[in-house]
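Let me begin by presenting the structure, written as structure tokens, before commenting on it.
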Amino acid sequence: MMIALSIAPQGSAACAALDLLPVNAALVLGLMTALWALSVLKRDASIIDPWWSMAFLLVTGNTVWRTGPTPGKTLLLGLVSIWALRLFVHLEKRSIGKPEDPRYAAFRKAAGPSWWWKSLFQVFLLQGVLVLVISAPLQVAAAAAPPDAVSLGDLAGLLLFIVGFAFEAIGDAQLQAFRNDPACKGKVLDSGLWHYTRHPNYFGEAVLWWGYWLCCLDQAHGAHTVFAPILMTFLLLRVSGVTMLDAHLSATRPGYAEYIRRTSGFIPRKPLD
């Protein structure tokens, strides 16, 4: 595999990505509309969750397919595939036999009979727009012109991806094992990675997205897509991740408030005494 020793701009990947944006938007719209229709039939809007990662794989794969493979893009597509498929399988297995996620159930109750069509905009199309915005670094990197050898930025991105993916995958596995143990019911997970951060999976997710961003820095204007990992990190911290889950668990899980006091909410560190 060739290694590029420079991360200087090469070609017009950003322009190519913009040219392909309508096609990618149409694909995401089709996926989200199909999922919405299925959710109406099943009365379960939480079916969107596993497909979130697959929408990013759809956009990245389509862009690579339409612009042609290169060493750099092959590496990127491999990383996105590993992340997307692992998360899809994990969330699908976790949802088997479970009712609608409480978040969506609360939206359904608040909206009443009109939820069937409001959910199209409030859940599915909203997440579709977020996919297109947050995938900006992936679209730029995946539209690179040949030769697009593996660059130092790609290697740095690969390193961050490995760290982030490990935190996310190991954290999810430790949490699932904890939930599967009847002796742990009602308790707070405070071991493994969860001893150093209350949300190792969210931390890992943020880190790997910064890795994706590094992979597009060898393209002209690639650095300008920094808004994407910033937005993803903000969502994980303040919207659908840390803040929401901490509030829920503090109200429902004895001992969680003390866990919050001594354990980092995001970046791993040694717990306080």
Would you say the side chain of [Y] lies within less than 4.5 Å of the side chain of [X], judging by non-hydrogen atoms?
| X | Y | answer |
| --- | --- | --- |
| M32 | V123 | no |
| L138 | V59 | no |
| I170 | F165 | no |
| C215 | F161 | no |
| M54 | L58 | no |
| V188 | L249 | no |
| L235 | I134 | yes |
| T33 | F124 | no |

Can you tell me if [X] uses its side chain to pair, donor with acceptor, with the backbone of [Y] under 3.5 Å?
| X | Y | result |
| --- | --- | --- |
| T263 | I260 | no |
| Q174 | L193 | yes |
| T243 | V239 | no |
| E100 | A45 | yes |
| T60 | L57 | no |
| T197 | F266 | yes |
| W213 | G157 | no |

Is it true that, when you exclude I267 itself, more than 12 heavy atoms of the residues, nucleotides or ligands shown sit nearer than 6.0 Å to its CD1?
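Counting neighbours around CD1 of I267, 12 or fewer heavy atoms of other residues, nucleotides or ligands fall under 6.0 Å, so no.
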Going by atom types alone, do [X] and [Y] pair a side-chain donor with an acceptor below 3.5 Å?
| X | Y | result |
| --- | --- | --- |
| K73 | T67 | yes |
| T70 | D148 | yes |
| N24 | T63 | yes |

How close do [X] and [Y] get, counting heavy atoms only, and between which atoms?
| X | Y | answer |
| --- | --- | --- |
| T225 | P137 | OG1-CG, 3.5 Å |
| S151 | D218 | OG-OD2, 3.4 Å |
| R108 | D44 | NH2-N, 3.5 Å |
| P50 | S53 | O-OG, 3.5 Å |
| A143 | A13 | CB-O, 3.5 Å |
| P69 | T74 | CB-OG1, 4.3 Å |

By the salt bridge (Lys or Arg N to Asp or Glu O under 4.0 Å) test, which pairs, at least two apart or in different chains, include something from residues 242-259?
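Passing the test, one end in residues 242-259: R198-D246, E258-R261, E258-R262.
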With sequence neighbours left out, write down each residue that passes side-chain hydrogen bond (donor to acceptor under 3.5 Å, both in side chains) with S264, or none if nothing qualifies.
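So S264 forms no side-chain hydrogen bond (donor to acceptor under 3.5 Å, both in side chains) with any residue.
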In Å and rounded to the nearest 0.5 Å, what is the [atom1] to [atom2] distance from [X] to [Y]?
| X | Y | atom1 | atom2 | result |
| --- | --- | --- | --- | --- |
| L159 | L155 | CG | CG | 9.0 Å |
| W65 | N62 | CH2 | CG | 7.0 Å |
| H248 | R103 | NE2 | CZ | 10.5 Å |
| L91 | R86 | CG | CZ | 7.5 Å |
| S119 | L125 | OG | CG | 9.5 Å |
| L160 | L214 | CG | CG | 5.5 Å |

Please tell me whether [X] and [Y] are part of a single hydrophobic cluster in this structure, the criterion being side-chain heavy atoms less than 4.5 Å apart.
| X | Y | answer |
| --- | --- | --- |
| V207 | L158 | yes |
| L27 | V133 | yes |
| V28 | L20 | no |
| W52 | F121 | yes |
| V140 | V150 | no |

Assess whether side-chain contact (heavy atoms from CB on, under 4.5 Å) is satisfied between I230 and W210, documenting all intermediate values.
CA-CA 8 Å; I230 289 175; W210 283 100; 3.7 Å; yes
Is R94 salt-bridged to D49, going by a charged N under 4.0 Å from an acidic O?
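Looking at R94 and D49, the cut-off is not met.
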Salt bridge K187-D181, side-chain N to carboxylate O under 4.0 Å:
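Looking at K187 and D181, the cut-off is not met.
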Decide yes or no on side-chain contact (heavy atoms from CB on, under 4.5 Å) for Q122 and W115, but give the supporting numbers first.
CA-CA 9 Å; Q122 188 174 344; W115 174 244; 3.3 Å; yes
With respect to F56, which candidate in Y212, W51, W209, F88 satisfies the ring-ring contact (aromatic ring centres under 6.0 Å, His included) definition?
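For F56, the ring-ring contact (aromatic ring centres under 6.0 Å, His included) check succeeds only for W209.
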Do W194 and F178 have ring centroids that are under 6.0 Å from one another?
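Ring centroids of F178 and W194 are no less than 6.0 Å from each other.
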